[in-house]
Amino acid sequence: MAHPSLPQRGSIVTYLNPDVFAPEAFLTGVVTGTPLVDPETDRAWVSVLLPGRTTFVLDAANIVEVRPSVSPET
């Protein structure tokens with residue numbers, strides 16, 4: 001199965017919070033690596049840096065918005 005365009009490193013993503021008990025329904029973070037596809041399930045995963053400097057491995061299916069990073073030279 002071909003995956004839709006996955007976020008590139010440095011992209012800002014908004015995604016559905018996988019913690020159903022958390023008060024925030026959506027979270028935002030920065031993609032820190034190249035998306036990986038699990039060969040058995042064909043699901044894509046990305047590493048995301050959260051505002052609290054925590055790294056999280058996210059199922060790309062939870063991503064609802066991808067924005068390019070803001071470069072300081074632009």
Side-chain angles (χ1 to χ4, degrees):
M1 174 175 138
H3 290 280
S5 60
L6 292 172
Q8 296 180 2
R9 184 178 189 165
S11 297
I12 301 166
V13 294
T14 301
Y15 60 94
L16 182 62
N17 191 346
D19 182 358
V20 297
F21 297 111
E24 306 88 13
F26 296 96
L27 299 174
T28 301
V30 177
V31 176
T32 60
T34 305
L36 300 172
V37 177
D38 181 345
E40 288 193 26
T41 63
D42 203 33
R43 292 186 77 102
W45 297 83
V46 294
S47 59
V48 176
L49 180 64
L50 302 177
R53 308 299 290 172
T54 305
T55 300
F56 179 69
V57 178
L58 172 68
D59 183 345
N62 290 335
I63 296 173
V64 294
E65 181 183 35
V66 177
R67 292 175 284 155
S69 65
V70 177
S71 171
E73 55 273 347
T74 58

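Keep in mind that what you see is a predicted model, and the values were worked out from it rather than measured.
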Closest heavy-atom contact between [X] and [Y]?
X	Y	result
R43	A61	NH2-CB, 3.5 Å
P35	P7	CG-O, 3.3 Å
L16	A25	CD1-O, 3.5 Å
I12	P68	CD1-O, 4.2 Å
V48	G29	CG1-CA, 3.5 Å

TODO: Could you walk me through whether V66 and V31 pass the side chain to side chain contact (heavy atoms under 4.5 Å, CB included) test, one step at a time?
DONE: CA-CA 10 Å; V66 177; V31 176; over 6 Å; no

Task: Crowding at CD, E65 (>12 non-hydrogen neighbours, <6.0 Å) - done: yes

Please enumerate all residues that pass side chain to side chain contact (heavy atoms under 4.5 Å, CB included) together with [X], with sequence neighbours excluded.
X	value
E40	D38
F56	Y15, P18, L50, L58
T32	S47, L49

Open item on the list: Hydrophobic clustering (ILVMFWY, side-chain heavy atoms < 4.5 Å, transitive) - are V13 and V30 grouped together?
Closed with: no

Task: Side-chain heavy atoms of E24 within contact of D19, under 4.5 Å - done: no

